[in-house]
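Report on one structure; see the data block that follows.
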Amino acid sequence: MQLIKFGFKSNRKAGLFIMAIFIFIFSLAGMVQSGTAVAKTEYSDPAASLTVVLNDNGEVFELATYTIPELAGMSQVQREYSSIDRMPAPVFTAGKGLDLGAFLSSQGIDLNSITHCRFYATDNVVKRLDRNVLLDRTGYYFPKIVECWDTDWDGNTNSYIDVPKVSAGAVPVKPMLAITSSQGRWLERPDWSNLDGSTCLRLCLGQAAPEECITMNFVRWVYKIEVFGKLQPGTGGSAVAPRVTLGKPTASQTYQVGDTVEITGTVERMSSVTLTVTDPDNHVVYTAFDIEVKDGKFAEEFPLGPDTVTGNYTIEVGPKAGSSLGCKQTFKVTAASAPVANIVLTTPEAGYAVQAGNKVKISGSVTGLTSTKLEIVGPGGKTVYTGTIDKSGDFTKEFTLAADAPLGDYTIQINGPGMKQNYSRVFKATKTIANSASDVPVKSVPEITPVSVNQPGTANPANPLKDISNHWAADRIKDLIARGAIKGYPDGNFRPDATITRAEYTTAVVKAFNLAAANGKHFADTSGHWARDYVAVATAAGIVGGYNDDSFAPDEPITRQQMASMAVKAARLAPSAASNQFSDNDSIADWAREAVATAVNNQIIKGYPDNTFKPGGKATRAEAAAVIVNALSLLK
């Protein structure tokens, strides 16, 4: 394999040298057994590029291809090598190029995993070298192999007689790929004056001992290296082109039993991939072979059936299971949460008055429930009607109030699996029918024709509110109206930027959160007030208090800090550990400081662009709707 400059010495070894040449010529002519003949090429084209190929247990992938100028731009080493050729004769090599181990490592290859390499040359020679020659053993440059040749070389044993003498000054050298080099026999020292690229790339190796015949392993004109091993764990290597990157799921993403895991990613230099999913016990629970890669992308779905075990799962995608060219991702599976139920009652409205002997129409919509119990409880806690709603969607029930039914408050109670709390609404049995179906006189609380609602947040297009179409709180206002918690004015306006009173806000909270009737506190200034019972319910639930035992101030505008405090209590939020960072933080009352921080951190309410909260500012009807709906969203 070597193109070696011939140097002749006038000494007793000359005869051996000449004889070796004749044997070499006769062997080429077929004068020795054909089975032992070695085909050698004296000249070939230097390599114009170098391709690195990884053979991972039979899966072969091209990692990268470099031009010679690109290789020359990498970190270079200069080394001297000694060797003995088959003549035998001592040979010195000087080379400048790449450290072989460092170069393979830079391709992302795990050096510890390499079993052997194949070096492909432009003269069609393929040379296999095991890892012990390339990586494990320590090779040396012995500078005295020529100097000691005449006195210490034993031609009978093909070894040096005085090993310590010839080994003096030995220098450890690692394998390299020489871009430029020179090589010759009988040189006094390696020739650095005649480096050229005629044998590029030349593999150069150190000797294990000074008599080692290793020159035939100095492969020249190397244009490809096939490495039998694996990539570095978890990195893929900085220069690795064929790789898989997962887009979904993201790291540690959480799914519930019953969900479908969407698995997507990008792939380079592969037309298909294999996907496996292992469960928390490392059992393979899903495998998909030969998933087609289109435009560098792939997609697959993994269903989490009802019997799926909870815990951490691992997705592995690559050319095959266990390949170092693939990638892994973990995701978490938790138990399925209970269905979130939602109920919207359209009729009767809260506070609706019905005369004994008349019918009460109970209508609305249910989502997230399959079996819902409906009860009507009269004064004294006696159940006067029981029914069921057996599917989600719109429903209508009718209840006839007995002619001798006791007068007073009747409570509609709806409950079912998945509900955060029981839904309730109160209507009244009276001697005479009230003039208005509303629980609030028109003068105190605005009223419009009730909107027809199928789902929260949608209103009947035939009765739109005139002044909220472009308002920032329009969706939340519609949502709260749909829940029957607030209304607009008879003229079709909502007046979102008008202030809202303590009584109005308290009533909206009670209705929105479906708080059940309870024996709460009656204040002196709520006696005879339209919101008397709603305030009592709110005080019984612990979400509001008065200024003192006699005063609730129902018609005063509610402040922003009062509004935030009531919403936090109604949603039963855990206190936030964070503190308020508003510039007017000192203006927040001590009793409201924690509630404001909790409301802000849960995104129920926000401050102003100038970093103020304005705790004592008067809340608007739009702000009230937004705060209540934001708080309700945390119950889902």
Side-chain angles (χ1 to χ4, degrees), residues 1 38 47 49-66 71 74 77 79 81 83 95 97-140 172-178 201-209 212-244 268-270 273-274 276 316-328:
M1 290 289 294
V38 178
S49 62
L50 176 65
T51 299
V52 184
V53 173
L54 181 69
N55 189 317
D56 182 355
N57 196 27
E59 297 285 342
V60 182
F61 302 94
E62 179 182 319
L63 299 185
T65 297
Y66 301 96
L71 295 177
M74 299 179 182
V77 295
R79 290 173 183 163
Y81 296 87
S83 59
L98 304 170
D99 179 273
L100 179 64
F103 174 70
L104 295 180
S105 181
S106 73
Q107 305 309 295
I109 299 172
D110 181 3
L111 296 185
N112 293 323
S113 72
I114 296 176
T115 58
H116 61 283
C117 293
R118 286 178 182 160
F119 296 85
Y120 295 77
T122 59
D123 61 348
N124 297 321
V125 170
V126 179
K127 185 76 172 181
R128 168 181 167 148
L129 293 174
D130 292 336
R131 71 167 292 117
N132 67 306
V133 176
L134 296 170
L135 301 171
D136 290 344
R137 73 175 191 166
T138 301
Y140 295 90
V173 287
K174 294 181 179 180
M176 72 175 291
L177 291 168
L201 294 163
R202 186 200 293 269
L203 174 66
C204 301
L205 302 166
Q207 290 179 286
E212 182 179 17
C213 183
I214 197 173
T215 308
M216 69 289 301
N217 290 335
F218 278 59
V219 187
R220 55 187 172 171
W221 307 313
V222 175
Y223 71 89
K224 182 172 78 172
I225 304 175
E226 183 178 6
V227 182
F228 290 76
K230 293 183 178 295
L231 292 181
Q232 298 164 7
T235 64
S238 58
V240 177
R243 58 183 180 269
V244 180
E268 294 185 22
R269 298 197 181 186
M270 283 186 274
V273 292
T274 294
T276 60
E316 182 178 358
V317 185
K320 65 176 185 177
S323 172
S324 61
L325 290 172
C327 68
K328 291 184 177 181

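Note that the structure is predicted; figures quoted are calculated from it, not measured. We number each residue from 1, following the sequence as shown.
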- Item | Side-chain donor or acceptor of Ser113 paired with backbone N/O of Gly229 under 3.5 Å | no
- Message: Is it the case that the side chain of Arg131 and the backbone of Thr115 share a donor-acceptor pair, with hydrogens and angles ignored and the cut-off at 3.5 Å?
- Response: no
- Message: Just so I know, are the side chains of Met176 and Leu98 near enough to count as touching, which here means a heavy-atom distance under 4.5 Å?
- Response: no
- In terms of ring plane angle, is the pair Phe228 and His116 parallel, tilted or perpendicular, where the classes change at 30° and 60°? parallel
- Message: Would you say Ser49 and Thr65 are linked by a side-chain donor-acceptor pair, where the criterion is simply a distance under 3.5 Å?
- Response: no
- Message: Distance check, rounded to the nearest 0.5 Å: Asp136 atom CG versus Asn112 atom CG?
- Response: 9.0 Å
- Query: Does any non-hydrogen side-chain atom of Leu134 lie less than 4.5 Å from one of Leu100?
  - Reply: yes
- Can you tell me how far CG of Leu201 sits from CG of Leu177, rounded to the nearest 0.5 angstrom? 6.0 Å
- How close do Cys204 and Tyr81 get, heavy atom to heavy atom, and via which atoms? CB-CE1, 3.5 Å
- Item | Salt bridge Asp123-Arg220, side-chain N to carboxylate O under 4.0 Å | no
- Message: I want to check something: taking the side chain as every heavy atom from C-beta on, are Val126 and Phe119 in contact at a cut-off of under 4.5 Å?
- Response: no
- Query: Charged N to carboxylate O under 4.0 angstrom, Asp56 versus Lys230?
  - Reply: yes
- Sub-4.5 Å side-chain heavy-atom contact between Val227 and Leu104: yes
- Task: Heavy atoms only: give me the nearest Leu111-Ser105 pair and the separation to one decimal.
- Result: CD2-N, 4.1 Å
- Message: I'd like to know if the side chain of Ser106 and the backbone of Phe103 have a donor-acceptor N/O pair within less than 3.5 Å.
- Response: yes
- Can you measure from CZ (Arg79) to NZ (Lys174) and round to the nearest 0.5 angstrom? 7.0 Å
- Message: To the closest 0.5 Å, what do you measure between OH (Tyr120) and OG1 (Thr51)?
- Response: 11.5 Å
- Message: Could you measure the distance from the CG atom of Leu129 to the CG atom of Asn217? Nearest 0.5 Å is fine.
- Response: 5.0 Å
- Task: For residues Ala178 and Gly95, report the shortest heavy-atom separation together with the two atoms involved.
- Result: CB-CA, 4.2 Å
- Query: Taking all non-hydrogen atoms of both residues, which atom of Ala208 and which atom of Tyr140 are closest, and how far apart?
  - Reply: O-CD1, 4.3 Å
- In Å, rounded to the nearest 0.5 Å, how long is the span from SG of Cys117 to CG of Asn55? 10.5 Å
- Task: Applying side chain to side chain contact (heavy atoms under 4.5 Å, CB included), run through Leu54 and Val60 and close with a yes or a no.
- Result: CA-CA 6 Å; Leu54 181 69; Val60 182; over 6 Å; no
- Where Ile109 and Gln232 come nearest, the two heavy atoms and their spacing: O-NE2, 3.4 Å
- Measure from the side-chain N and O atoms of Gln207 to the backbone N and O of Glu212, and report whether any donor-acceptor pair falls under 3.5 Å. yes
- Task: Identify the residue among Arg128, Lys127, Arg118 that makes a salt bridge (Lys or Arg N to Asp or Glu O under 4.0 Å) with Glu226.
- Result: Arg118
- Whether Asp130 side chain and Asn132 backbone form a donor-acceptor pair below 3.5 Å: no
- Do Val53 and Leu63 have side-chain heavy atoms sitting under 4.5 Å apart? no
- Note on the structure: Note: Ala121 and Val219 closest approach over all heavy atoms is CB-CG1, 4.4 Å
